[in-house]
Amino acid sequence: MRRYHVTIAGRFPKSSVDQGLATFRKQFAQRGAWDEGLSGLREELGNVWLSVSSEFEAASPRAAVMEALKAYEDDAHASIGQFNAMETHVQPADEMRGTTMRRTS
């Protein structure tokens, strides 16, 4: 098992982020995540990119991302709603390089 730093960003309609951001921040902070991306929201055409970072102990980078995605999707759906695109970045917590993936729906 190794510790991985995972950052996830989802693109949401701005109106739903305005309504659910405080709840989302509280839920994800309870998981031990930090909100380095929450302070740097990117806005584009009525949508907002909202990102959060966490460290997860997992057997592989993929396992760490899957664990982070589950937490992010659960918290986001409960407080903000459906996102329409997502990016993930994962790297070993003790290294400076990583892998970025993008998914749109």
Contact summary for A58 and A64, nearest pair of heavy atoms: CB-N, 3.6 Å
Identify the two heavy atoms, one from T7 and one from S53, that lie closest to each other, and give their separation to 0.1 Å. OG1-OG, 2.7 Å
Heavy-atom check, side chain of V52 versus side chain of F24, under 4.5 Å: yes
Would you check if P61 and V90 make a side-chain contact, meaning some heavy-atom pair closer than 4.5 Å? yes
Rounded distance (nearest 0.5 Å) linking atom [atom1] of [X] with atom [atom2] of [Y]:
X: F56; Y: M66; atom1: CZ; atom2: CE; value: 12.0 Å
X: E55; Y: R2; atom1: CD; atom2: CZ; value: 11.5 Å
X: N47; Y: N84; atom1: CG; atom2: CG; value: 5.0 Å
X: D75; Y: I80; atom1: CG; atom2: CD1; value: 9.0 Å
X: R11; Y: S51; atom1: CZ; atom2: OG; value: 14.0 Å

Could you check whether F12 and F83 have their ring centres less than 6.0 Å apart? yes
Y72 side-chain N/O to G10 backbone N/O, donor-acceptor pair under 3.5 Å: yes
Would you say T23 and S79 are linked by a side-chain donor-acceptor pair, where the criterion is simply a distance under 3.5 Å? no
From the options M86, E73, H89, E87, select the one residue that forms a side chain to side chain contact (heavy atoms under 4.5 Å, CB included) with I8. M86
R62: side-chain hydrogen bond (donor to acceptor under 3.5 Å, both in side chains) partners, not counting sequence neighbours: none
Who pairs with K14 by side-chain hydrogen bond (donor to acceptor under 3.5 Å, both in side chains), at least two apart in sequence or on another chain? D18
